[in-house]
Amino acid sequence: MTEDRLLAGLAALATDAPDGLFDRIAARWVRVPGPVGEVRVAYTDQGIAFVHDGPGFGAAFRARFGRPLLPAERPPAGLLPALRTGRLNGLRLDLRDVSDFQRDVLRAAQTIPRGEVRPYAWIAAQIGRPRAVRAVGTALARNPVPLLIPCHRVTRSDGAVGEYVFGASTKERLLTAEGADLDRVRELAGERVFYLASDTTGVVCFPTCHNARRITPAHRHGFRTLAQARAAGYRPCRVCKPALAA
DNA sequence: CGCATGGCCCTTA
DNA sequence: TTAAGGGCCATGC
C-alpha cells in the first residue's frame with residue numbers, strides 16, 4: 001500500500017463509527033440449522049468466512065484466522081436458504097485467507113451442480129494442474145466454508161465417495177439428500193463403468209450428469225475409460241466435461 | 001478384481 | 001529451508 005492510500009485509510013477511520021471499524025476487524029458468529037444438523041458459521045463484512053460443526057468452533061476459527069469473534073444476534077441475510085438449498089444465490093463468501101491454488105480448487109468445486117459428483121482428478125484438470133490430484137484433496141479438506149462450497153460433491157475416480165470434513169457418512173447423507181444416486185454409481189463402479197454414453201446423441205458423460213441420467217436403457221453404453229468411449233465414436237459431454245478428467 | 005505401491009504437488013510444522 | 005504427509009490415482013500382481 002502506498003503512503004497516500006495509508007493516509008487516506010487513516011482519515012476514513014477517523015470519520016467512521018467505532019462499531020463499523022470493529023466489524024471490519026472482527027468476525028461474528030451464529031449457530032444455524034444446516035442440511036445435516038446444526039453448524040456454526042463465522043462471517044465478516046466481506047461475507048461468510050467459516051463453517052464448522054460442533055465443538056471446537058471458536059478455537060478452530062482463531063487458530064486459522066486470528067481475529068476476534070463475537071456472537072451475532074441473527075444470521076446474515078441469505079445464509080439459511082443457502083445452507084438449505086445448496087445454492088449461494090448471491091450470498092458472499094470471504095475467502096481472503098485462502099491461497100491462489102485453493103481458490104481455484106474451490107471455484108471449480110462450486111461449478112458442480114446439486115445432485116451430481118465429479119472426481120478429484122477432474123478438479124485438478126479443470127484448474128490446469130492435472131497432476132495435482134492429491135493437492136486438490138488437501139485443498140478441499142481445508143475448505144473453510146463446507147456446504148456453501150460443495151466440496152462434498154467431489155468423489156473418487158473409482159466410484160468411492162472419499163473423505164470429508166464432516167466424515168464420509170455425512171458426505172453420503174448429503175449427496176443422497178441432494179438426489180445423487182450413489183448406489184447406482186457404486187453398482188456401475190462394480191462393473192468398472194465410470195462413463196455413460198448415449199448412442200442417440202453420441203455423447204459420453206459422467207454417470208451423475210443430468211444428461212446421463214436421461215439416457216434410455218436401450219441406448220445406454222457404459223465405458224471404463226474416456227479413451228474407450230472416444231474410440232467407440234462418442235464425444236465428451238459439454239456440460240459435465242469428462243474430457244478434463246482424462 | 002482387490003490390494004499394495006510409487007508418484008505427484010501443495011501446505012504445514 | 002526442508003521434509004513429511006494428505007479427502008488421490010494408475011498401475012502391477
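Reminder, nothing fancy here: chain letters follow the sequence lines and each chain counts from 1.
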**Asked** Of all the choices, C:dC9, B:dG2, B:dC9, which nucleotide is nearest to the side chain of A:A132 once you look at every atom?
**Response** B:dC9

**Message:** Any N or O donor-acceptor pair under 3.5 Å from the base of B:dG7 to the side chain of A:R134?
**Reply:** yes

**Request:** Could you tell me whether A:W29 and A:F61 have their ring centroids closer than 6.0 angstrom?
**Result:** no

**Prompt:** When the aromatic ring centroids of A:Y195 and A:F206 are compared, is their separation below 6.0 Å?
**Reply:** yes

**Complete:** Side-chain contact check for A:T138: nearest option of C:dG6, B:dC8, B:dT12 is C:dG6

**Message:** Using a heavy-atom cut-off of 4.0 Å across all strands, would you classify A:V154 as base, sugar-phosphate, or nothing?
**Reply:** base

**Prompt:** Is there a donor N/O on one and an acceptor N/O on the other, under 3.5 Å, for the side chain of A:Y120 and the base of C:dG7?
**Reply:** yes

**Message:** Given B:dT11, C:dC9, C:dG7, identify the nucleotide with an atom nearest to the side chain of A:A141.
**Reply:** C:dG7

**Message:** Measuring from the side chain of A:R129 (C-beta onward, heavy atoms only), which nucleotide among B:dT11, B:dC10, C:dG6 has the closest atom?
**Reply:** B:dC10

**Request:** Pick base, sugar-phosphate or nothing for A:V161, based on heavy-atom distances below 4.0 Å to the nucleic acid.
**Result:** nothing

**Request:** Assess the side chains of A:E172 and A:H152: does a donor N or O sit below 3.5 Å from an acceptor N or O?
**Result:** no

**Fill in**
For B:dC8, the nucleotide meeting Watson-Crick or G-U wobble distances (both under 3.5 Å) is none

**is_close_aromatic(A:H52, A:F50), centroid dist under 6.0 Å** = yes

**Asked** In the strands shown, is C:dG7 matched to any nucleotide by a Watson-Crick or G-U wobble pair with both distances under 3.5 Å, and which?
**Response** none

